[in-house]
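Data block below; observations after.
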Amino acid sequence: TGELGTSRLMVNSSEKSSRSGVPSFFQHSVEGWRVNSSLVLMIRKDVLRFLDAERDVSVVKSSFKPGDTIHYVLDRRRTLNVSHTLHSLLPDVSPLKNKRFRTCAVVGNSGVLLNSGCGKEIDSHDFVIRCNLPPLSEFAEDVGLRSDFTTMNPSVIQRAYGGLKNATDTERFVQRLRGLNDSVLWIPAFMVKGGERHVESVNELIVKRKLRVRTAYPSLRLIHVVRGYWLTNKINIKRPSTGLLMYTLATRFCDEIHLYGFWPFPRDANGNMVKYHYYDMLKYRYFSNASPHRMPLEFKTLKMLHSKGALKLTTSKCE
Ligand code: CTP
């Protein structure tokens, strides 16, 4: 397999990419940037050497039976029992089976989105992926409203919904899930021990309240194979962030990937403060050992891929 920045991704910059069929909206908004379709295909091919993206995006019902024991992906000594509720919510088939989209948005949660006016552009993509169940309606102008695929780390339940301990938080959470309609809710339930209570409460609410959301739970190998792909390209990322996981998965399903809300830095290019999240007061953690991620390294990599036309990274205002 190739190496980003060296042979595989050093594609002749004069290579023509097909822009046919692209609505004028995109031609306008991506002025100065062109998708490099042959590079996109090359990356997809390389990613698929590691990832079986359809399968890795979620375990399916037939993978387990109730009562089975799962070893946590990043904490192999600890285990989780597959409850009846969890089993009932495993999808029968991968939620992305046979899916293919012309353009996708992967939306990170950086404060760089505030005052960006990117909402309309984000919503106009064929498939929109969001991370960690972020608030949308209050920020619609900057982030949009649409979501086809929403991730949710179990920690979100504690951080944003008070651990679902009282009725108000629970109702707020139920309303948020109702807003997802029948799109995908992706819960990394098997990564580390700690959030299992929250995952179970969420699962029970989905069943009891008959929420139409389509649950998905990443495969036990996803993080390892994604890490493997980047490592072969000499990018050593022990714990890929949700945003990078989503980009890597999207390479399988999307012909053109647009990233928004990726800016893991406390200041913008003009020295102005940038919030870590556009919607809360969470502080930057990734410079300390408290963060498992290497977001600045990820960002540098994504920027390099942007310059080569493999993806489009938007970190400023949308037109
Ligand atoms: N992100 C970014 N810059 C920020 C905040 C987030 O680039 N200032 C990207 C990262 O790729 C991150 C994604 O947006 O994974 C979603 O953000 P967030 O919900 O904050 O992710 P974390 O909880 O910090 O990390 P993770 O879910 O990856 O463990």
Side-chain angles (χ1 to χ4, degrees), residues 1-5 7-9 36-60 62-64 70-74 76 90-106 108 126-131 148-151 153 184-192 214-259 262 292-295 297-298 301-302 304-305 308 310-311:
T1 55
E3 294 177 4
L4 302 181
S7 54
R8 287 294 267 191
L9 291 188
N36 182 335
S37 302
S38 51
L39 180 56
V40 166
L41 288 178
M42 188 188 290
I43 291 175
R44 179 179 297 153
K45 207 168 136 215
D46 278 351
V47 165
L48 292 183
R49 284 183 226 262
F50 290 84
L51 235 75
D52 181 344
E54 272 188 3
R55 278 183 42 204
D56 286 327
V57 76
S58 183
V59 293
V60 292
S62 57
S63 319
F64 299 112
I70 294 179
H71 288 262
Y72 283 100
V73 173
L74 298 169
R76 298 270 316 146
L90 299 180
D92 292 318
V93 292
S94 164
L96 291 180
K97 192 167 174 59
N98 297 328
K99 296 282 189 223
R100 193 68 179 274
F101 308 99
R102 199 176 51 73
T103 76
C104 297
V106 179
D126 298 333
F127 193 71
V128 179
I129 300 174
R130 310 222 181 225
C131 303
D148 300 287
F149 190 107
T150 306
T151 77
N153 288 347
V184 177
L185 177 66
W186 190 82
I187 309 175
F190 316 130
M191 293 297 166
V192 282
R214 291 161 55 206
T215 39
Y217 306 82
S219 81
L220 302 176
R221 32 164 262 163
L222 176 70
I223 222 167
H224 298 301
V225 289
V226 167
R227 183 198 296 163
Y229 165 72
W230 290 102
L231 197 58
T232 327
N233 288 292
K234 302 233 184 312
I235 295 154
N236 187 355
I237 297 168
K238 256 211 174 113
R239 282 273 301 271
S241 73
T242 304
L244 190 73
L245 286 176
M246 290 301 119
Y247 164 70
T248 314
L249 279 170
T251 60
R252 161 71 178 77
F253 306 100
C254 308
D255 294 335
E256 206 174 289
I257 302 175
H258 294 238
L259 305 187
F262 285 69
H293 300 306
R294 298 183 69 187
M295 287 189 199
L297 171 64
E298 292 185 3
T301 308
L302 296 171
M304 182 270 288
L305 290 169
K308 291 174 185 296
L311 55 85

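Computation of the quantities below employed the complete heavy-atom set of this structure, encompassing side-chain atoms and omitting hydrogens, waters and symmetry-equivalent molecules.
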Subject >> Validation row: P218, W186 side chains within 4.5 angstrom (heavy atoms) >> reply: yes
Original post:
Nearest 0.5 Å, what's the CZ-CZ distance between R214 and F149?
Top reply: 9.5 Å
Original post:
Who passes ring-ring contact (aromatic ring centres under 6.0 Å, His included) against F253, sequence neighbours left out?
Top reply: none
Subject >> Atom of A310, atom of V40 and distance for their closest heavy-atom approach >> reply: O-CG2, 3.7 Å
Subject >> Atom pair CZ/CZ of R102 and F127 - distance to nearest 0.5 Å >> reply: 15.0 Å
Subject >> D126 side-chain N/O to T103 backbone N/O, donor-acceptor pair under 3.5 Å >> reply: yes
Original post:
How far does CG of L185 sit from OG1 of T215, to the nearest 0.5 angstrom?
Top reply: 7.0 Å
**OP:** Please report the shortest heavy-atom distance between V60 and S94, naming the atom on each side.
**Re:** CG1-N, 3.8 Å
Original post:
Rounded to the nearest 0.5 Å, how far does CG of D46 lie from CG of L41?
Top reply: 11.0 Å
Original post:
For the side chain of D52 and the backbone of L48, is there at least one donor-acceptor N/O pair under 3.5 Å apart?
Top reply: no
Return all side-chain donor-acceptor pairs below 3.5 angstrom for residues 237-244, not counting sequence neighbours, or 'none' if the list is empty.
residue : atom : partner : partner atom : Å
S241    : OG   : G243    : N            : 3.4
S241    : OG   : L244    : N            : 3.2
S241    : OG   : E298    : OE1          : 2.6

Original post:
Looking at S58 and P91, what are the two nearest heavy atoms and their distance?
Top reply: OG-CG, 3.4 Å
**OP:** Would you sort out whether M295 and F262 count as a side-chain contact (heavy atoms from CB on, under 4.5 Å), showing the intermediate values?
**Re:** CA-CA 9 Å; M295 287 189 199; F262 285 69; over 6 Å; no
**OP:** Could you tell me whether the side chain of K99 reaches within less than 4.5 Å of the side chain of K97, counting heavy atoms only?
**Re:** no
Original post:
Between H224 and L222, does a side-chain contact (heavy atoms from CB on, under 4.5 Å) hold up when you go through it step by step?
Top reply: CA-CA 5 Å; H224 298 301; L222 176 70; over 6 Å; no
Original post:
Hey, what do you get for CG (N233) to CG (L231), rounding to the nearest 0.5 Å?
Top reply: 9.0 Å
**OP:** Measure from the side-chain N and O atoms of D148 to the backbone N and O of V128, and report whether any donor-acceptor pair falls under 3.5 Å.
**Re:** yes
**OP:** Taking R294 for its side chain and N236 for its backbone only, find out whether a donor-acceptor pair lies under 3.5 Å.
**Re:** yes
Subject >> R252: partners by salt bridge (Lys or Arg N to Asp or Glu O under 4.0 Å), with sequence neighbours left out >> reply: E54
Subject >> Considering all heavy atoms, the nearest L220-F64 contact >> reply: CD1-CZ, 4.3 Å
Original post:
Are any of the side-chain heavy atoms of Y229 and T251 separated by less than 4.5 Å?
Top reply: no
Original post:
Which residues satisfy the salt bridge (Lys or Arg N to Asp or Glu O under 4.0 Å) test with R227, sequence neighbours excluded?
Top reply: none
Subject >> Which atom of V47 lies closest to which atom of T248, heavy atoms considered >> reply: CG1-O, 3.9 Å
Original post:
With sequence neighbours excluded, what pairs up with R44 under the side-chain hydrogen bond (donor to acceptor under 3.5 Å, both in side chains) test?
Top reply: D255
**OP:** Just jot down the side-chain hydrogen bond (donor to acceptor under 3.5 Å, both in side chains) partners of Y217, sequence neighbours excluded, or say none.
**Re:** N203
Subject >> Intermediate values then yes/no, side-chain contact (heavy atoms from CB on, under 4.5 Å), V226 and D56 >> reply: CA-CA 10 Å; V226 167; D56 286 327; over 6 Å; no
Original post:
To the nearest 0.5 Å, how far apart are CD1 in I129 and SG in C254?
Top reply: 5.5 Å
Subject >> Criterion side chain to side chain donor-acceptor pair (under 3.5 Å) on T151 and N153, from CA distance to verdict >> reply: CA-CA 7 Å; T151 77; N153 288 347; 5.4 Å; no
Original post:
Stepwise, does the side-chain contact (heavy atoms from CB on, under 4.5 Å) test hold for V184 with T150?
Top reply: CA-CA 6 Å; V184 177; T150 306; over 6 Å; no
Subject >> A250 versus V106, closest heavy-atom pair with distance >> reply: CB-CG2, 4.4 Å
